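Being a predicted model, the structure only gives us computed values, none of them experimental. Heads up: numbering here begins at 1 and tracks the sequence.
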Amino acid sequence: MNTQTIEQNKQQIIQDNLVFMDGISVRFGKVVALQGVNFSVKHNEVVGLLGDNGAGKSTLIKTLNGYHKANEGSIYFKGKQVSFKSPKYAREAGIETAYQDLALVNLMTISRNFFMGRELQKNIGPIKVMDMKQMDLIAAQSLSEVGLRNIREMQETVNFLSGGERQAISIGRATYFGAQLLILDEPTAALSVMETEWVLRLVSEAKDNGLSVILITHNAYEAYAVADRFVVLQHGKNYAEINKEDTNPKDLIEVIAGRK
Ligand SMILES: Nc1ncnc2c1ncn2[C@@H]1O[C@H](COP(=O)(O)OP(=O)(O)OP(=O)(O)O)[C@@H](O)[C@H]1O
Ligand SMILES: [Mg+2]
């Protein structure tokens, strides 16, 4: 292929995908966490991002959302090159990330966590104050839509919530604020069987609502249940990319383990 054709192909990939990460390398001192990784997410697609411990999965999504800076490579979101200064900027652009532990602020209320960084305000005379009542109402409504029904008090802090409830808040928040991409980094790692089913159902619902999702998990069965495509990393490099129709959970385990 000549250079012009390669460039045309690349432009096509950029336009066809919601996310395109092109040749991403990330180093932490001497540790090479990612080396020339390509990664894409289509519109309305659920991608299972898989790989063994230390493969570079978290680093990849944290590079996408601006938590880390890439040493090499380019990132495109919605057809434009981006380089988010922090996850806050990524959120504003439509990328919501839920980490297992860092997604919510423990000592803040459910309602404040739901609105974090996007608080509603109202005027009392010349003074602007947070509109707690309205925020409580909207949070309660949106969270009941993701199945968080047994929480009545939006002013309670989130530290008593279960892992599943926390994930539900992150997912409900993404949907309410119109995110186009939801990133879930091992959302089910500490969940019970019932809560895992709930979170996986929410992932499918997010897709039904038009979102794209990056789901990081160690569980091939979970990934297989909800993802359309699988991207497997190994030692910071692309290892395999498989469509759902070409694989099954047992096969995926073999690939993740590097035996296939
Ligand atoms: N902040 C950091 N400083 C130094 N090294 C890091 C940092 N973050 C990640 N690494 C290293 O980069 C590599 C990739 O780590 P990463 O957390 O992305 O892997 P992972 O695929 O998410 O693994 P896991 O499944 O265990 O979460 C590992 O060798 C890790 O030790
Ligand atoms: Mg990780």
Side-chain angles (χ1 to χ4, degrees), residues 1 6-7 9-43 45-87 89-90 93-100 180-187 212-220 223-224 227-244 246-247 251-260:
M1 263 194 287
I6 291 171
E7 188 50 37
N9 283 348
K10 197 173 131 182
Q11 284 308 322
Q12 198 60 48
I13 294 170
I14 293 167
Q15 296 312 319
D16 288 350
N17 287 281
L18 178 65
V19 174
F20 176 46
M21 300 178 79
D22 183 19
I24 301 295
S25 297
V26 176
R27 292 180 285 274
F28 300 108
K30 281 186 182 158
V31 178
V32 181
L34 295 174
Q35 202 178 341
V37 170
N38 297 326
F39 179 72
S40 63
V41 182
K42 296 188 187 76
H43 295 273
E45 181 185 40
V46 179
V47 177
L49 180 55
L50 311 172
D52 213 345
N53 293 108
K57 307 177 296 293
S58 297
T59 304
L60 187 67
I61 59 104
K62 286 177 175 171
T63 307
L64 171 59
N65 76 10
Y67 187 90
H68 294 311
K69 283 276 154 290
N71 294 94
E72 284 150 29
S74 316
I75 303 173
Y76 302 87
F77 180 61
K78 291 195 267 184
K80 291 205 181 71
Q81 190 165 358
V82 292
S83 176
F84 299 115
K85 269 191 263 173
S86 75
Y89 290 89
I95 300 176
E96 183 87 24
T97 312
Y99 313 95
Q100 181 65 30
Q180 276 134 308
L181 176 67
L182 175 62
I183 301 173
L184 300 170
D185 193 350
E186 304 201 29
S212 296
V213 182
I214 300 172
L215 174 70
I216 298 179
T217 170
H218 277 271
N219 188 316
Y224 187 79
D228 302 305
R229 192 162 55 90
F230 309 93
V231 173
V232 185
L233 300 181
Q234 195 183 63
H235 306 309
K237 291 184 188 162
N238 286 100
Y239 181 70
E241 203 169 316
I242 318 161
N243 288 325
K244 181 168 184 156
D246 299 326
T247 189
D251 183 53
L252 272 179
I253 291 168
E254 294 301 301
V255 177
I256 294 165
R259 289 192 289 260
K260 215 167 165 180

**Prompt:** So, for Leu252 and Ile242, which heavy atoms are closest and what is the spacing to 0.1 Å?
**Reply:** CD2-CD1, 4.0 Å

**Asked** Looking only at heavy atoms, which two atoms of Val37 and Lys237 are closest? And how far apart?
**Response** CG2-CA, 4.0 Å

**Prompt:** After noting the C-alpha distance and the side-chain angles of Leu18 and Lys78, does the key distance pass the side-chain contact (heavy atoms from CB on, under 4.5 Å) rule?
**Reply:** CA-CA 5 Å; Leu18 178 65; Lys78 291 195 267 184; 3.7 Å; yes

**Request:** Can you see which heavy atom on Ile253 is nearest to which on Ala220, and at what distance?
**Result:** CG1-CB, 3.5 Å

**Request:** Start with the C-alpha distance between Thr59 and His68, add both sets of side-chain angles, then the distance that settles side-chain contact (heavy atoms from CB on, under 4.5 Å), and finish with yes or no.
**Result:** CA-CA 7 Å; Thr59 304; His68 294 311; 4.1 Å; yes

**Message:** Looking at Asp251, is its backbone amide N or carbonyl O close enough to the side chain of Lys260 to form a donor-acceptor pair, meaning the two atoms are under 3.5 Å apart?
**Reply:** no

**Complete:** Rounded to the nearest 0.5 Å, the CD atom of Gln180 sits from the OG atom of Ser212 at a distance of 8.5 Å

**Prompt:** What are the two closest non-hydrogen atoms of Ser40 and Val47, and how far apart are they?
**Reply:** O-CG2, 4.1 Å

**Message:** Within the structure provided, determine whether Leu64 and Ile75 are in side-chain contact (heavy-atom separation under 4.5 Å).
**Reply:** yes

**Item:** Residues Thr217, Glu186; criterion side-chain contact (heavy atoms from CB on, under 4.5 Å); working and verdict
**Value:** CA-CA 5 Å; Thr217 170; Glu186 304 201 29; 5.7 Å; no

**Request:** Supply the atom-to-atom distance Gln11 CD to Ile6 CD1, rounded to the nearest 0.5 angstrom.
**Result:** 13.0 Å

**Message:** Restricting to non-hydrogen atoms, name the atom on Gly48 and the atom on Ala227 that form the minimum distance, rounded to 0.1 Å.
**Reply:** N-CB, 3.6 Å

**Request:** Test the Lys244-Phe230 pair against the cation-pi criterion, namely NZ or CZ under 6.0 angstrom from the six-membered ring centroid and within 45° of the ring axis.
**Result:** no

**Message:** With heavy-atom distances below 4.5 Å as the criterion, would you say the side chains of Ile24 and Phe39 are in contact?
**Reply:** no

**Message:** Is it the case that atom NE2 in His235 sees more than 12 heavy atoms from other parts of the structure closer than 6.0 Å?
**Reply:** no

**Asked** Which class fits the ring pair Tyr76 and Phe20: parallel under 30°, tilted 30 to 60°, perpendicular over 60°?
**Response** parallel

**Asked** Are Lys62 and Pro87 close enough that some pair of their side-chain heavy atoms sits under 4.5 Å apart?
**Response** no

**Item:** Main-chain N/O of Gly73 paired to Asp22 side chain as donor or acceptor, under 3.5 Å
**Value:** no

**Interatomic distance, Leu50 atom CG to Leu233 atom CG [nearest 0.5 angstrom]** = 8.5 Å

**Asked** Do the side chains of Ser25 and Val32 get nearer than 4.5 Å, heavy atoms only?
**Response** no

**Item:** side-chain contact (heavy atoms from CB on, under 4.5 Å) between Ile14 and Gln81, intermediate numbers included
**Value:** CA-CA 9 Å; Ile14 293 167; Gln81 190 165 358; over 6 Å; no

**Prompt:** What distance separates Gln15 CD from Lys80 NZ, expressed to the nearest 0.5 Å?
**Reply:** 9.0 Å

**Asked** What is the minimum heavy-atom distance between Val255 and Tyr239, and which atoms define it?
**Response** O-CE2, 3.2 Å

**Fill in**
Rounding to 0.5 Å, atoms CD (Glu45) and CG (Leu181) come to a distance of 10.5 Å

**Asked** Is the closest side-chain heavy-atom distance between Ile256 and His218 below 4.5 Å?
**Response** no

**Asked** With no hydrogens and no angle check, is any side-chain donor or acceptor of Asn38 less than 3.5 Å from a backbone partner on Gly23?
**Response** yes

**Message:** Quick check for you: to the nearest 0.5 Å, what is the distance between Asn65 atom CG and Ile214 atom CD1?
**Reply:** 9.0 Å

